[in-house]
Visitor: 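Can you read through this structure? Questions will come right after.
Index from 1, following the sequence.
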Amino acid sequence: MRYKTIIIITAISIVTLAAIASYGISDTEGITVSLQPSKMVFVENVTTTAVFEFRDGSEMIPIQQFSQTGGYGTTTLSTGTAKKPSEESSEVTGRSKPAFTMEKLVGGTPYLYEAADETQKYFASSGFEYDYKYFDVTVYLAKGGDVLRAFEYHDCQVTNYAVTTRSDNEEGYTGKGFVLVDQFSFECKGYLPQNPAMDKLNEIEHTKTTSTKDLKSTDQWEPGFKTP
């Protein structure tokens, strides 16, 4: 039964990836996200799905924990010119690097595992280019089929990876037993938040605006209203 469930979820994910490809990353209308395992409990049924785009293909992953750890605020970028702490104010201030962490059930992501393994293998060679060094990630926060929020991350790298065990004393993992999970940390070069609700409001306001093309031509008005 467990293997049948995995096969069904995989099949749905493949269909969904095709749907996302047809809609485009910035168009979240009508996207169906990955199904979460039945034992996972989410308040208000808001779930998180990550879509990874690698050189060799894409992976859609239902994730159980997601945290943004960088990219919104600012940070001081050291130029190496400050000789003492009192001179740090002369350093360059810029946007902090986009970063996030996530947790998922073990399995089902060969491309992501390869990215983590290659990073571990070549971590000492920062200038070395390998196949899975950079990739794009889009995280969807959705309720049912409606995307409430989305975050596009570009040119990402794995910065940390670990496997750990969760037990049923964790509220998010109900039922009897234990579960093995992957814990990932990522750092990216680009970050773009998406606000589908506001996009829909703007679209509605746009349709309310009367275009000059919708106005009647003066040659169709009553005689007293025609221009000379």
Side-chain angles (χ1 to χ4, degrees), residues 5-6 8-54 58-74 95-105 108-109 111-112 135-156 158 166 170-174 179 181-209:
T5 302
I6 293 174
I8 292 173
I9 292 175
T10 302
I12 292 175
S13 297
I14 292 173
V15 173
T16 308
L17 276 173
I20 289 178
S22 65
Y23 281 106
I25 291 297
S26 61
D27 188 353
T28 58
E29 184 71 25
I31 290 176
T32 303
V33 295
S34 291
L35 293 179
Q36 292 283 349
S38 59
K39 287 189 176 183
M40 303 299 173
V41 178
F42 296 90
V43 176
E44 296 296 329
N45 197 32
V46 177
T47 59
T48 314
T49 299
V51 178
F52 286 77
E53 300 286 345
F54 299 97
S58 303
E59 288 179 336
M60 170 173 280
I61 308 168
I63 58 179
Q64 286 70 56
Q65 291 192 23
F66 167 71
S67 297
Q68 292 183 305
T69 55
Y72 186 81
T74 59
R95 182 71 67 189
S96 63
K97 287 187 177 181
F100 67 97
T101 64
M102 76 171 208
E103 186 174 290
K104 58 174 279 295
L105 298 180
T109 53
Y111 292 151
L112 181 55
F135 47 87
D136 295 337
V137 187
T138 303
V139 178
Y140 296 95
L141 311 183
K143 183 176 183 179
D146 298 326
V147 176
L148 308 177
R149 201 83 162 96
F151 305 99
E152 296 181 31
Y153 294 94
H154 301 283
D155 294 328
C156 299
V158 177
R166 295 285 193 183
E170 294 285 348
E171 187 66 25
Y173 296 91
T174 60
V179 61
V181 296
D182 294 313
Q183 295 176 330
F184 287 92
S185 296
F186 304 93
E187 189 174 89
C188 311
K189 294 182 178 180
Y191 164 70
L192 179 64
Q194 296 288 342
N195 189 352
M198 179 57 71
D199 293 340
K200 187 172 292 185
L201 285 176
N202 290 336
E203 183 178 342
I204 293 174
E205 290 299 322
H206 178 74
T207 57
K208 287 181 179 179
T209 304

Visitor: Would you say the ring centers of Phe184 and Phe52 fall short of 6.0 Å from each other?
Guide: no
Visitor: Indicate the ring-plane relationship of Phe151 and Tyr191, choosing parallel, tilted or perpendicular according to the 30° and 60° boundaries.
Guide: parallel
Visitor: Tell me whether Arg149 contacts the main-chain N or O of Tyr140 through its side chain, where contact means a donor paired with an acceptor under 3.5 Å.
Guide: no
Visitor: Using modelled atom types only, decide if a donor and an acceptor are shared between the side chain of Asp136 and the backbone of Asp155 within a distance under 3.5 Å.
Guide: yes
Visitor: Please determine, by modelled atom types, if Ser58 and Glu53 share a side-chain donor-acceptor pair under 3.5 angstrom.
Guide: yes
Visitor: Nearest heavy-atom pair of Val137 and Cys156: which atoms, and what distance?
Guide: CG2-SG, 4.2 Å
Visitor: Rounded at 0.5 Å granularity, tell me how far CD in Glu59 sits from NZ in Lys104.
Guide: 8.5 Å
Visitor: Considering non-hydrogen atoms only, spot the tightest contact between Phe100 and Thr69 and give its length.
Guide: N-OG1, 3.5 Å
Visitor: Atom OG1 in Thr138, atom CD in Gln194: separation rounded to 0.5 Å?
Guide: 8.5 Å
Visitor: To the closest 0.5 Å, what do you measure between CG (Leu148) and CD (Glu44)?
Guide: 10.5 Å
Visitor: Under the side-chain contact (heavy atoms from CB on, under 4.5 Å) rule, what do Phe186 and Val158 come out as? Steps first, then yes or no, please.
Guide: CA-CA 5 Å; Phe186 304 93; Val158 177; 3.8 Å; yes
Visitor: If I take atom CG from residue Leu141 and atom CZ from residue Phe42, how far apart are they, to the nearest 0.5 angstrom?
Guide: 11.0 Å
Visitor: Within the side chain of Thr48, is there an N or O that forms a donor-acceptor pair under 3.5 Å with the backbone of Ile63?
Guide: no
Visitor: Check whether any side-chain N or O of Thr49 sits under 3.5 Å from a backbone N or O of Pro62 as a donor-acceptor pair, and report yes or no.
Guide: no
Visitor: Could you tell me whether the side chain of Gln64 and the main chain of Leu105 form a donor-acceptor pair under 3.5 Å?
Guide: yes
